[in-house]
Amino acid sequence: MARGERSEEVWAWYEAVYEAIQEIPHGRVTSYGHIARLVGKPERPRQVGVCLKNLPSPSTDPSKTSPRWNSGNVPWQRVISASGRISPRGPSGASRHAAALRAENVEVNQGAMGELTVDLGRFGWFPDVLPSEAGLVESSDEENEEEAAYHT
DNA sequence: TTGCTGACATGGT
DNA sequence: CACCATGCCAGCA
């Protein structure tokens, strides 16, 4: 019973998450939590992670159609933690992630422990609403978030 | 079926 | 600055 309905909710969630991620501009990054807010569920940043973990790879077989959303058309690499760190999650997972970001000119720093981080003050992208839902913003000055409150 | 894990975030110590 | 506890809930054993 609730199984079917539940499935649809889950599908809708995945769909919303993937679409939101596709709106992240090239060369910019945002956080799991921000994606969660953009899709209306600020309390579930972890579920955003679940979506990315289950993001399929594009089909290598030309005769088959690739999944609607796959690692080839969803910029998964532009989603990192709110602290600007790339979650280890695997032995070489983070480095792959970093490589993908550097490929689009995003500067990835490395801590002494090998922790990979990105300066959110410069590459972060945190709009209040998705551009697609903002009704094609016509102008207004872009928000300069240079204020990067760094206080080391 | 039940229970634990985890591509996170936030607030407290 | 670093840990620790809690909320969330889809996957997976």
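Keep in mind that this is a model prediction, so the values were computed, not measured. Sequence lines set the chain letters: A, B, ... in the order given, protein chains first and strands last, and positions in each chain run from 1.
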Novice: Would you say A/V50 and A/Y14 make side-chain contact, with heavy atoms under 4.5 Å?
Specialist: yes
Novice: Specify the closest pair of heavy atoms between A/L116 and A/A94, including all atoms of both residues, with the distance to one decimal.
Specialist: CD1-O, 3.4 Å
Novice: Taking C-beta and beyond as the side chain, do A/R78 and A/I21 meet within less than 4.5 Å on heavy atoms?
Specialist: no
Novice: With the threshold set at under 4.0 Å for non-hydrogen atoms, list the residues of residues 74-83 of chain A touching DNA chain B in residue-number order.
Specialist: A/W76, A/S81, A/A82
Novice: Tell me what A/R37 touches on the nucleic acid: a base, only sugar-phosphate, or nothing, going by heavy atoms under 4.0 Å.
Specialist: sugar-phosphate
Novice: How does each nucleotide of nucleotides 7-13 of chain C score, in 5' to 3' order, for protein heavy atoms under 4.0 Å: base (B), sugar-phosphate only (S), or none (-)?
Specialist: BBBSS--
Novice: Distance from A/N73 atom CG to A/R68 atom CZ, nearest 0.5 Å?
Specialist: 10.0 Å
Novice: To the closest 0.5 Å, what do you measure between CD (A/E23) and CZ (A/R28)?
Specialist: 14.5 Å
Novice: A/F126 has an atom CZ; how far is it from atom P of B/dC8, in whole Å?
Specialist: 15 Å
Novice: Under a 3.5 Å distance rule, please check whether A/S57 uses its side chain to pair with a backbone N or O of A/S71 as donor and acceptor.
Specialist: no
Novice: If every non-hydrogen atom of A/W69 is compared with every non-hydrogen atom of A/Q22, which pair is closest and at what distance?
Specialist: NE1-OE1, 3.6 Å
Novice: Could you state the CZ-P distance from A/R89 to B/dC8, rounded to the nearest angstrom?
Specialist: 9 Å
Novice: What is the distance, to the nearest angstrom, from the CD atom on A/E115 to the P atom on C/dC1?
Specialist: 11 Å
Novice: Apply the side chain to side chain contact (heavy atoms under 4.5 Å, CB included) test between A/V29 and each candidate in A/I86, A/V108, A/I24, A/I80; give the one that qualifies.
Specialist: A/I80
